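Below is one structure, written out as structure tokens; the observations come after it.
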Amino acid sequence: MLTPGSLDLVMRLIWQATLVLVAVGFVLVSGLVLHRLLEEWRDRRHRPARERLRRNLLSSLNAPAADERPTAAAMAPPDRLPIGETARLVDELAQIVRGDARQRLAAFASANGVERHWLKRLRSRLGPYRIEAARCLALLDTVESRAALEACLAAGDGRLRLAAAEALAHRPALANGLAARLFDDGAAEGRHAARFWHRLAAVAPAVLLGRLDAAAGRPQLLCRLVEALGDASHVAAAGRLEALVGREDETVDRAVVLALHRLNHPAVVRVARRLAAGVQPETRRTALSVLASQARAQDRDLVQSLAADPVADISAVAITVLSRLAAQAATGAQPA
Amino acid sequence: MIPEPPFFDLVAQTVAILVIAVSMAQNLLYLVLLLTAIAVMAGRPQVHQSRALWNGVVDAAPPVSIIVPAYNEATTITDSLRSLLALEYPDFRVVVVNDGSTDTTLAVLIDAFGLEAAPIERPSPLEHAPLRGLYRSTRHANLVVLDKANSGKADALNAGLGQVTTELFCAVDADSLLEADGLLRVVQPFIEDPERVVAVGGTVRVANGCGVRAGRIRTVSLPTRLLPMLQTVEYLRAFMMARLAWGRIGCLMIVSGAFGLFRRDVVVDLGGYSTRTVGEDLELVIRLHRHLRDSRRDYRIEFVPEPVCWTQVPESLAVLARQRQRWQRGALESFFAHKDMLVRGRYGRVGRLGLGHILLLDVVTPIVEVIGYLLLPFFWMAGTINTEFFLAYLALTFAFGVFISVASLVLEEFERRRVPKAIDLVRLTVAAVIENFGYRQLANLWRIQGHWHYWRGAAHWGKQTRTGFAAA
């Protein structure tokens with residue numbers, strides 16, 4: 001028999017500990033089932049009030065004339081509806097309404113305690129709650145919300161700083177200050193910061209243009225600025241963007257050629273030709289895709305050289321472009 | 001009483017200790033994964049609503065191509081494609097690869113999406129069976145269908161990959177439905193860390209029982225039949241616990257073939273998917289690790305639990321058995337093709353932990369568990385091992401499995417809350433218990449058969465039967 005005392009003790013501990021774990025699991029799951037039942041009960045209880053408020057809000061936001069909208073009293077959230085529910089509904093609608101309707105929604109949020117709820121959340125000790133509250137507060141333009149968001153620009157959490165900056169970025173008056181404040185912030189360099197710079201470019205492209213030189217030596221940040229200017233259709237930026245080619249690393253060069261492509265600026269062909277000799281395959285690939293979209297006969301030699309590229313898919317695309325150029329030459333067709 | 005021969009006792013006791021030691025190692029690993037998953041979930045930022053996510057990501061989202069290999073998927077392909085074409089994503093295209101289906105898949109596609117033949121413009125950088133044709137949809141500008149001779153899923157994926165020009169591609173099974181915001185969510189790691197992230201996997205859930213209309217899941221319900229219900233528990237355990245934890249540890253060794261997003265240039269540089277294994281999804285990720293470690297690149301392979309892909313799981317034992325045998329064979333093929341990573345220092349934790357857990361869970365455990373089922377009750381009845389040993393064995397083999405499944409369910413309920421109602425939570429808990437009594441043993445038996453197929457070198461996928469999605 002396998003009965004050394006210590007081994008038996010270990011075996012006994014194993015099965016007893018396992019049974020304890022199983023019991024803990026069942027207790028937890030039972031608690032969650034009860035919690036879920038309670039929530040289902042509360043949901044059933046609040047649903048009529050929530051749906052009524054949603055209907056009222058939607059009809060108010062959709063009505064162009066003031067006299068067609070429900071009265072403020074009719075719009076007030078029912079007493080029984082928790083403020084979190086009203087806030088969630090306002091945030092949901094804030095994602096889809098624009099212009100005058102958005103302002104009316106903001107006024108409703110301020111008048112019915114939603115702003116207070118979000119400001120309270122912004123002071124939570126839980127980071128995700130604060131970030132979410134900062135995002136929601138972008139709807140409002142009150143003194144309190146702006147002050148609270150500006151205070152978050154000095155927060156220790158980079159994600160919160162960025163969320164607050166994004167929430168403030170649609171105000172042209174704040175653009176210069178925000179750009180200055182976030183410029184040296186590492187949180188505003190990565191792809192996740194694209195939204196902030198895009199918002200800023202949409203309201204104040206000149207502010208970004210003015211920062212291009214200062215961003216020298218910071219390729220990630222330069223990429224964000226270049227992409228934002230390209231997407232904001234700021235054609236006046238084309239010359240400044242072209243001047244960046246060859247000054248930084250190839251990620252910036254690629255961002256420039258794609259931005260010029262989006263701007264539909266003639267300089268894009270010139271830049272793509274330069275980048276076709278790029279060291280990184282991704283650069284040559286990007287240049288080729290731009291040249292392929294233009295398909296000009298004078299680029300034949302350049303594309304011919306890319307047809308011998310060691311990277312298989314670059315050479316394959318180049319061969320296809322060559323055959324298209326040959327077909328154009330045969331029919332005398334011009335690129336669109 | 002006739003005394004038992006000492007040799008028999010020694011062998012029996014050694015076998016008992018081996019079985020218990022392996023079960024113990026397996027369960028300790030699960031415990032570590034569970035604790036890691038809890039830590040990951042606790043530290044994750046709040047999940048955005050779809051609309052907020054769209055407004056936030058739309059400016060930075062890179063174009064994505066979705067490759068859908070399809071072999072005899074006539075019953076589900078229309079719903080799946082409608083779900084894909086209805087995705088909320090700023091710039092995406094869908095490339096369906098009809099892998100020489102012998103049913104009406106191509107005809108169904110031509111009819112449902114108004115396909116017209118078009119020239120093949122782009123020579124593929126990857127090797128694959130020749131293309132028979134390319135079709136473009138007259139109704140959806142972003143839909144392309146490739147028709148090729150049958151040569152397996154990996155080859156079909158390579159054919160699709162050859163026609164893709166976007167920086168990112170997403171591999172999706174034809175019998176799966178992606179949630180509308182699934183792509184927006186899975187692309188987030190690429191937006192946040194584009195230089196390092198090379199692959200991201202999302203959660204796959206069981207669609208059996210859910211109501212589907214126009215290619216979208218309209219009502220989320222649990223399966224009504226037992227077998228899919230048991231698989232629901234398995235999927236929860238695999239995705240909510242294991243993949244989340246492995247992603248954090250930096251040793252995620254599989255991005256599910258049903259739903260994964262990859263950087264195209266890295267996969268093309270590797271030569272695409274391997275056609276020498278039936279576990280091409282696992283093998284690709286292991287090869288990605290190998291290649292990126294060999295070239296000393298700083299990289300990340302991530303798992304994001306929010307993006308959900310719904311898939312139909314087998315409803316009959318025969319089909320499930322074939323699927324599990326194939327998965328087991330794929331795991332063995334992938335492990336033995338890269339077994340040297342286990343001991344070479346330069347592969348670090350990917351080799352030791354990543355490959356090590358495949359060795360433990362996929363290579364050793366099925367064999368040891370089946371030996372345990374067969375011999376330990378016999379040893380106990382024969383009096384060769386005492387009751388403490390036998391109870392420890394039962395606890396590790398049955399009860400601990402219940403704990404892990406229930407704990408995954410708790411994790412899911414705390415964080416994702418995708419189980420529709422309280423009563424469904426109760427049903428899943430019951431399934432988590434009964435799964436360990438019969439189903440788990442059966443699954444291990446199928447895995448042993450997978451072992452047999454691997455060592456025998458059998459090369460077939462097995463016939464898959466699709467039942468289509470239920471209408472909402």
Side-chain angles (χ1 to χ4, degrees), chain A residues 1-3 7-19 21-22 24-26 28-30 32-37 39-40 88 91-92 95-96 127-129 131-132 135 159 166 190-192 194-195 198-199 227-228 231 251 281-282 285 289 311-317 319-320 324, chain B residues 9 12-13 16-17 20 24 27 44-46 48-49 51-52 54-60 121-126 162 165 167 188 190-195 264-265 268-269 383-386 388-389 391-392 394-396 399-400 402-403 405-407 409-410 413-414 419 421-422 425-426 429:
Chain A
M1 290 282 281
L2 191 65
T3 53
L7 213 50
D8 279 357
L9 183 67
V10 170
M11 294 300 142
R12 199 174 305 132
L13 275 176
I14 287 173
W15 69 261
Q16 286 174 349
T18 307
L19 291 184
L21 285 176
V22 172
V24 169
F26 280 125
L28 275 174
V29 95
S30 305
L32 288 172
V33 168
L34 287 176
H35 181 252
R36 199 43 117 74
L37 283 170
E39 275 200 341
E40 285 173 9
R88 202 172 306 134
D91 181 42
E92 191 185 313
Q95 308 299 325
I96 50 175
Y129 277 25
I131 292 166
E132 189 66 8
R135 187 188 62 72
R159 291 175 308 164
E166 270 175 50
R191 276 294 275 271
H192 52 284
R195 198 164 54 229
H198 277 75
R199 283 190 183 177
E227 286 162 3
D231 280 350
T251 56
E282 199 52 48
R285 197 177 282 128
S289 70
V311 178
D313 69 318
I314 295 178
S315 59
V317 174
I319 290 165
T320 311
R324 203 186 310 157
Chain B
D9 274 7
Q13 288 160 7
I17 288 173
I20 287 175
M24 189 77 190
N27 289 327
R44 284 174 56 78
Q46 199 169 350
H48 282 169
Q49 291 172 355
R51 183 58 62 180
W54 170 272
N55 288 342
V57 170
V58 68
D59 292 330
E121 289 182 350
R122 195 180 142 81
S124 175
L126 297 170
T165 52
E167 185 187 338
Q188 295 240 53
F190 284 101
I191 293 173
E192 285 164 12
D193 192 358
E195 298 299 320
R264 181 186 59 92
D265 58 341
V268 168
D269 284 351
T384 317
I385 58 170
N386 63 19
E388 266 76 17
F389 258 75
L391 283 176
L394 291 180
L396 289 172
F400 205 92
V402 173
F403 165 68
S405 298
V406 168
L409 200 55
V410 169
E413 180 59 11
F414 261 122
V419 179
K421 291 179 187 162
L425 212 51
V426 175
T429 309

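Lettering of chains follows the sequences in order, A, B, ..., and the numbering in each one begins at 1. Nothing here was measured: the structure is a model prediction, and the numbers come from that model.
When each of Val419(B), Thr165(B), Leu396(B), Leu126(B) is checked for heavy-atom pairs under 4.5 Å with chain A, Val419(B) comes out on top. With chain A as partner, the option from Ala407(B), Ala395(B), Gly162(B) having the largest number of non-hydrogen pairs under 4.5 angstrom is Ala395(B). Taking chain B as the reference chain and counting heavy-atom pairs below 4.5 Å, the highest number among Leu21(A), Val33(A), Thr251(A), Val22(A) is found for Leu21(A).
At a 4.5 Å heavy-atom cutoff, Leu394(B) makes no contact with chain A through either its backbone or its side chain. Contacts of Glu39(A) with chain B are made by side-chain atoms alone, with heavy-atom separations under 4.5 Å and no backbone atom involved. Proximity to chain A (any heavy atom under 4.5 Å) is shown, for Leu391(B), by both the backbone and the side chain. With a 4.5 angstrom heavy-atom cutoff, Glu282(A) touches chain B only via side-chain atoms. Proximity to chain A (any heavy atom under 4.5 Å) is shown, for Ala399(B), by both the backbone and the side chain.
Looking at every heavy atom in both residues, Gly25(A) comes nearest to Val406(B) through O-CG1, 3.4 Å.
Using a 4.5 Å cut-off on side-chain heavy atoms (C-beta onward), Glu166(A) and Arg135(A) make no contact.
Taking CD from Gln16(A) and CG from Leu9(A), the interatomic distance works out to 8.5 Å, rounded to the nearest 0.5 Å.
Legend: residues meeting ring-ring contact (aromatic ring centres under 6.0 Å, His included) with Phe190(B), ordered by chain and number and at least two apart, are absent.
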